[in-house]
Number of protein chains: 2
Amino acid sequence: MSLPFGLLGLLNRSPMAGYDLKKIFDDSINFFWSAQTSQIYRELNALEKKGYVVSEIKPGDKGPDKRIYSITEEGQSGLKAWLLDVPDDIGEDNRNAFLLRVFLSSNVGIDELIFQMQKRLRKYKKDLQRLELVKSRLSEYAQMPDKERELPYWKITLSRGFHDVESHIKWAEESLAYLQSTREETT
Amino acid sequence: MSLPFGLLGLLNRSPMAGYDLKKIFDDSINFFWSAQTSQIYRELNALEKKGYVVSEIKPGDKGPDKRIYSITEEGQSGLKAWLLDVPDDIGEDNRNAFLLRVFLSSNVGIDELIFQMQKRLRKYKKDLQRLELVKSRLSEYAQMPDKERELPYWKITLSRGFHDVESHIKWAEESLAYLQSTREETT
DNA sequence: GAATTCATGTAACTTGTTACATGATTTA
DNA sequence: TAAATCATGTAACAAGTTACATGAATTC
């Protein structure tokens with residue numbers, strides 16, 4: 001299970017509340033991992049029971065009180081152990097609900113697929129824009145003192161994001177060209 | 001939920017048993033969708049309750065009896081409705097457990113990441129080989145009478161698979177080059 | 001004063017995974 | 001005759017999603 005270690009990794013940079021973690025997920029990590037607030041609070045609870053984090057209620061500078069979580073030494077060694085033990089078969093979850101529809105699209109025909117693929121292409125282009133945003137956020141953060149050490153890892157992470165979106169855009173464009181050409185054949 | 005419609009789509013080509021469906025998943029669909037046998041049987045049951053499929057026990061030509069599932073008319077219109085109603089936000093599940101580790105690898109250092117990335121690259125190359133296998137299986141199947149109609153959809157589906165693996169291989173190679181160069185900098 | 005954001009949670013549900021049980025048939 | 005494959009399932013669990021509840025503080 002990856003999520004608790006994701007949380008642990010973020011808390012290892014600095015203590016924070018569940019709400020803060022959620023925001024980091026939403027605006028930086030989102031392109032390779034996501035989590036619901038309910039799930040985050042649930043996992044933080046489990047981590048505390050395990051002794052990997054401790055929490056303490058503090059008044060928020062603005063807004064209501066916060067329960068601030070900090071990583072413990074056990075948490076740090078747990079995180080490291082997890083990072084060093086990489087099972088061979090872990091990885092991207094390949095489930096692609098759109099591709100399943102493409103695969104079955106003989107049931108609705110080429111015109112419909114062209115229509116859906118055009119929508120998809122627009123979506124991929126939006127994804128690219130969002131990634132650019134993430135990029136600027138990360139490079140800002142990396143300029144803070146003591147953070148530049150993390151830069152190479154973030155660069156590689158982000159780069160995966162760009163490779164991914166770009167490959168989607170290329171695929172959608174190629175597919176559209178191909179579909180249009182087979183459509184003309186039949187005409 | 002996509003899985004039941006995946007099953008429905010396959011049953012719409014020809015009636016078959018849960019075991020047969022599992023095999024198709026494992027050796028053709030695997031690169032964009034996967035399912036456990038237990039899940040398949042569970043969903044087939046639900047589909048039957050819903051009236052989307054009917055089943056009938058038939059003696060297997062070799063081996064034990066089979067429960068053969070056939071799609072009903074309701075099932076066919078359910079499938080079509082699903083294919084025509086594409087929510088904007090569906091799509092690839094981006095969760096990438098390996099990338100999460102990369103993102104947090106400042107905790108274990110560059111050498112460790114290089115080691116892991118090399119293993120990953122080998123895995124991606126194996127993925128590429130498996131895709132070639134899928135490709136040959138699909139093109140065989142598409143040569144059967146009445147099946148050539150599905151060819152364009154399968155080509156596009158497979159093409160996504162190749163774009164995906166290739167983008168992973170490129171990323172891993174670039175990342176390794178980058179990591180090696182930053183390692184020499186520090187030396 | 002109303003709407004939005006901040007902040008933490010609970011409950012119920014859905015989807016996916018793991019482990020196990022069973023028994024027939026086929027191949028080595 | 002032992003091992004592998006064929007075939008169908010059940011039970012328990014893990015992970016992720018959706019819906020809801022609550023209330024304070026801030027912004028419009």
Side-chain angles (χ1 to χ4, degrees), chain A residues 1-8 11 15-27 29-30 32-50 53 55-69 82 87 89-97 100, chain B residues 1-7 15-27 29-30 32-50 53 55-69 82 87 89-97 100:
Chain A
M1 203 209 174
S2 299
L3 178 59
F5 294 100
L7 298 169
L8 227 40
L11 291 176
M16 58 187 124
Y19 193 84
D20 305 318
L21 287 161
K22 169 65 175 165
K23 274 208 287 190
I24 297 186
F25 269 82
D26 281 353
D27 52 50
I29 290 184
N30 196 271
F32 64 94
W33 208 273
S34 59
Q36 248 39 56
T37 22
S38 58
Q39 215 187 341
I40 290 175
Y41 286 116
R42 188 211 267 155
E43 293 305 332
L44 284 172
N45 231 291
L47 283 169
E48 189 158 32
K49 253 177 208 153
K50 228 185 162 184
V53 299
S55 76
E56 182 187 13
I57 292 176
K58 285 188 185 167
D61 357 312
K62 43 172 186 174
D65 288 357
K66 285 180 165 202
R67 177 175 292 273
I68 303 291
Y69 287 87
W82 178 76
D89 59 330
I90 64 139
E92 31 285 329
D93 184 347
N94 293 320
R95 284 194 178 85
N96 184 331
L100 182 59
Chain B
M1 202 209 177
S2 300
L3 178 59
F5 294 100
L7 298 169
M16 59 186 123
Y19 193 84
D20 306 318
L21 288 161
K22 169 66 174 163
K23 274 208 287 189
I24 297 185
F25 269 81
D26 282 352
D27 53 51
I29 291 184
N30 196 271
F32 64 93
W33 208 274
S34 59
Q36 248 41 57
T37 22
S38 57
Q39 214 188 343
I40 290 175
Y41 286 116
R42 190 212 267 158
E43 292 305 333
L44 284 172
N45 231 290
L47 283 169
E48 189 157 32
K49 253 176 210 155
K50 227 184 163 185
V53 299
S55 74
E56 182 187 14
I57 292 176
K58 284 186 185 169
D61 356 313
K62 43 172 184 172
D65 287 358
K66 286 180 162 201
R67 177 175 291 272
I68 302 291
Y69 287 88
W82 178 77
D89 59 329
I90 63 140
E92 32 284 330
D93 184 347
N94 293 321
R95 285 193 178 86
N96 184 331
L100 182 59

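Bear in mind that the values here come from a model prediction, so they are computed numbers and not experimental data. Protein chains get the first letters and strands the later ones, always in sequence-line order, with residue 1 at the start of each.
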Checking [X] now: which residues fulfil side-chain contact (heavy atoms from CB on, under 4.5 Å) with it, not counting sequence neighbours?
X       : answer
A/Thr37 : A/Lys22, A/Tyr41
A/Ser38 : A/Gln36
B/Pro59 : B/Asp65
B/Ser55 : B/Glu48, B/Arg67, B/Tyr69

Could you state the [atom1]-[atom2] distance from [X] to [N], rounded to the nearest angstrom?
X       : N      : atom1 : atom2 : answer
B/Asp93 : D/dA15 : CG    : C1'   : 11 Å
B/Lys66 : D/dG9  : NZ    : P     : 13 Å
B/Ile68 : D/dA7  : CD1   : C1'   : 11 Å
A/Leu3  : D/dG16 : CG    : C1'   : 10 Å
B/Met1  : C/dT15 : CE    : P     : 4 Å
B/Leu44 : D/dT10 : CG    : P     : 12 Å
A/Leu7  : C/dT8  : CG    : P     : 13 Å
B/Tyr69 : D/dA7  : OH    : C1'   : 12 Å

Set of residues satisfying ring-ring contact (aromatic ring centres under 6.0 Å, His included) with respect to [X], sequence neighbours excluded:
X       : answer
B/Tyr19 : none
A/Phe32 : B/Phe103
A/Trp82 : A/Phe5

Test of understanding: with salt bridge (charged side-chain N to carboxylate O under 4.0 Å, His left out), list the residues that count as partners of A/Glu92, not counting sequence neighbours.
B/Arg120, B/Lys123
Could you list the residues that satisfy salt bridge (charged side-chain N to carboxylate O under 4.0 Å, His left out) with B/Arg95, not counting sequence neighbours?
B/Asp93
Within residues 15-25 of chain A: residues closer than 4.0 Å to DNA chain D (heavy atoms):
none
Just by protein heavy atoms under 4.0 Å, how would nucleotides 17-28 of chain C read 5' to 3' in B, S and -?
BB----B-SS--
Is B/Tyr41 near enough to D/dT8 that one of its side-chain N or O atoms lies under 4.0 angstrom from OP1 or OP2?
yes
On DNA chain D, check which nucleotide each of B/Asp65 and B/Asn45 is closest to and give me the residue with the more 5' one.
B/Asp65
When the C1' atoms of the five terminal pairs at each end define the local axes, what inter-axis angle does the helix from C/dG1-D/dC28 to C/dA28-D/dT1 show, to 10 degrees?
30°
Side chain to side chain contact (heavy atoms under 4.5 Å, CB included) for B/Met16 and B/Lys66? Distances and angles first, verdict last.
CA-CA 9 Å; B/Met16 59 186 123; B/Lys66 286 180 162 201; over 6 Å; no
